[in-house]
**Student:** 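One structure is given below, represented as structure tokens, and several questions about it will come after.
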Amino acid sequence: MSGVAAAPAGLSPAAAAWARFRRRRLGYWSLWLFGVLFALSLAAPVLCTDRPLFVRYAGHDYWPLLHDYPDAAFGGDFRSPARYHDPLIRAHLDAPGNLVVFAPVPWNYATINYWATQPNPAPPSAQNWLGTDAQGRDVLARLVYGFRDSVLFALALTAVGTVLGLLLGALQGYFAGRVDLTLQRLIEVWGALPELYLLIILASLFAPSFALLLVLLSLFGWMGLADYTRAEFLRNRQMDYVRSARALGAGHWRIATHHILPNSLTPMLTFLPFRMSGAILALTSLDFLGLGVPPPSPSLGEMLAEAKANLDAWWLSLAVFVTLVATLLLLTFIGEALRAALDPRHGD
């Protein structure tokens with residue numbers, strides 16, 4: 001017998017892979033932790049907002065998260081939207097008989113704390129748990145929103161790159177011959193283009209946005225996966241089960257999708273967490289260089305640039321550094337566990 005560990009009796013291949021993944025405790029709990037953090041970040045408009053979740057004032061109930069109320073509704077002097085952190089408004093809301101319920105982080109990513117007791121950037125305090133940046137915005141709120149946007153961008157870029165890489169790599173590997181040679185030469189020419197220079201030129205021509213960055217990075221992000229897909233299809237197209245299917249009259253589409261693709265997914269799936277890590281780093285780097293999303297959009301790269309400009313404000317660099325390192329470590333642990341789980345030789 002070789003060192004291959006057999007799957008437990010009665011388990012499907014997918015169930016056996018999941019069982020192997022669960023035995024990789026570091027990767028398994030990293031997946032849970034990353035999922036919980038991402039789910040919490042999706043609730044950022046509720047968890048991190050400068051509007052109260054509920055207000056009972058003068059016997060009336062208000063829902064500021066759902067509706068705009070004027071300053072005068074809470075004892076102010078203006079008809080403009082209420083600013084609930086204004087000391088005058090807070091004094092009225094905190095009066096006996098009233099009730100105000102704020103979010104766990106009572107600041108939005110763009111809210112400026114005009115009533116801070118220290119000059120900005122202000123260090124961590126009871127008002128701002130991780131301090132404020134140079135413009136007086138809450139660092140924790142911007143981290144939550146920035147983490148959410150980074151992960152959403154990474155998921156979208158990974159999905160687009162995976163689809164393009166699978167299609168082109170499968171086309172090369174399945175038909176081989178002239179199709180493979182022609183596409184491979186075109187890919188080599190395309191890959192030789194200076195990606196950063198193209199991004200700089202296009203960013204100067206169009207207004208920066210998540211959609212533009214997604215399109216630009218997707219133009220180059222598929223090539224690595226296409227190489228692995230091509231290699232897997234070239235190997236599996238010579239297998240006996242493919243020859244048998246072809247002899248039985250199966251068409252190209254059925255052979256590629258029902259026979260070769262399921263047996264070629266292992267190396268592709270194991271790269272997904274690492275591709276997400278690369279996408280997060282790419283977005284952070286572009287934002288740091290000023291080529292990413294425009295302000296005041298929350299961005300980890302923009303926060304890094306601000307930390308670089310305010311080296312004495314240690315809380316800025318520390319917060320972003322811990323967030324980035326933790327995110328990339330979690331994705332790395334998940335990727336390593338997934339790689340071992342999809343390899344049946346890992347039975348431990």
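Side chains are part of it too, since the values below use all heavy atoms of this structure and drop only hydrogens, waters and symmetry mates. On a predicted model such as this, the values are computed, not experimentally measured, just so you know.
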**Student:** Determine the interplanar angle of the F38 and F34 rings, folded into 0 to 90°, and report it as parallel if under 30°, tilted if 30 to 60°, perpendicular if over 60°.
**Tutor:**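 Parallel: the ring planes of F38 and F34 meet at under 30°.
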
**Student:** Is the distance from the ring center of H85 to that of W107 below 6.0 Å?
**Tutor:** yes

**Student:** For Y174 together with H252, are the ring centres under 6.0 Å from each other?
**Tutor:** yes

**Student:** State yes or no: are the ring centers of F74 and H60 separated by less than 6.0 Å?
**Tutor:**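 F74 vs H60: aromatic centres not under 6.0 Å.
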
**Student:** With rounding to the nearest 0.5 Å, note down the distance linking CG in L300 to CG in L143.
**Tutor:**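 Nearest 0.5 Å value for the CG-CG distance: 6.5 Å.
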
**Student:** Within the distance-only criterion (no hydrogens, no angle test), does the side chain of T111 pair as donor or acceptor with the backbone N or O of N108 below 3.5 angstrom?
**Tutor:** yes

**Student:** Would you check if R83 and Y114 make a side-chain contact, meaning some heavy-atom pair closer than 4.5 Å?
**Tutor:** yes

**Student:** Kindly state each residue pair satisfying salt bridge (Lys or Arg N to Asp or Glu O under 4.0 Å) with at least one member in residues 225-238, sequence neighbours excluded.
**Tutor:** D180-R230, E232-R235

**Student:** How are the rings of H92 and Y57 set relative to one another: parallel (under 30°), tilted (30 to 60°) or perpendicular (over 60°)?
**Tutor:**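 H92 and Y57: perpendicular rings.
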
**Student:** Can you tell if the side chain of L338 reaches within under 4.5 Å of the side chain of L31, non-hydrogen atoms only?
**Tutor:**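 No, every pair of side-chain atoms sits at 4.5 Å or beyond.
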
**Student:** Which word best sums up how the rings of F21 and W18 line up, parallel for under 30°, tilted for 30 to 60°, or perpendicular for over 60°?
**Tutor:** parallel

**Student:** Could you tell me which residues satisfy ring-ring contact (aromatic ring centres under 6.0 Å, His included) with Y145, sequence neighbours excluded, listed by chain and number?
**Tutor:**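 If we apply the ring-ring contact (aromatic ring centres under 6.0 Å, His included) test to Y145, skipping adjacent residues, the hits are Y109.
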
**Student:** Could you check whether any side-chain heavy atom of R142 comes within less than 4.5 Å of a side-chain heavy atom of E302, counting everything from C-beta outward?
**Tutor:** yes

**Student:** Within the 4.5 Å heavy-atom criterion, are W129 and D138 side-chain neighbours or not?
**Tutor:** no

**Student:** With a 3.5 Å distance limit and no angle check, can you tell me whether W222 reaches the backbone of L219 through a side-chain donor-acceptor pair?
**Tutor:** yes

**Student:** Does Y69 reach the main-chain N or O of W63 with its side chain, forming a donor-acceptor pair under 3.5 Å?
**Tutor:** yes

**Student:** Does R79, at its CZ atom, have more than 12 non-hydrogen atoms belonging to other residues, nucleotides or ligands within less than 6.0 Å?
**Tutor:** no

**Student:** I'd like to check V55 versus P64 (side-chain heavy atoms, cut-off strictly below 4.5 Å). Are they in contact?
**Tutor:** yes

**Student:** At their closest point, which heavy atom of L157 faces which heavy atom of S218, and how far apart are they?
**Tutor:**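 Looks like CD1-OG, 3.3 Å.
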
**Student:** Is the ring centre of Y228 less than 6.0 Å from the ring centre of F271?
**Tutor:** yes

**Student:** Is there a donor-acceptor pair under 3.5 Å between the side chain of S297 and the backbone N or O of V293?
**Tutor:**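 Checking the backbone N and O of V293 against the side chain of S297, no donor-acceptor pair under 3.5 Å is found.
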
**Student:** For the pair E306 and R137, find out whether any cationic side-chain nitrogen is under 4.0 Å from an anionic carboxylate oxygen.
**Tutor:** yes

**Student:** Testing D287, L316, V139 for side chain to side chain contact (heavy atoms under 4.5 Å, CB included) with M303, which one passes?
**Tutor:** V139

**Student:** T132 and N120: side-chain donor and acceptor closer than 3.5 Å?
**Tutor:**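 Yes, N120 and T132 have a side-chain donor paired with an acceptor closer than 3.5 Å.
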
**Student:** Do N128 and N113 have side-chain atoms, one donor and one acceptor, less than 3.5 Å apart?
**Tutor:**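 Short answer, yes.
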
**Student:** Below 6.0 angstrom between ring centroids: does that apply to W29 and F333?
**Tutor:**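 For W29 and F333, the ring centres are not under 6.0 Å apart.
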
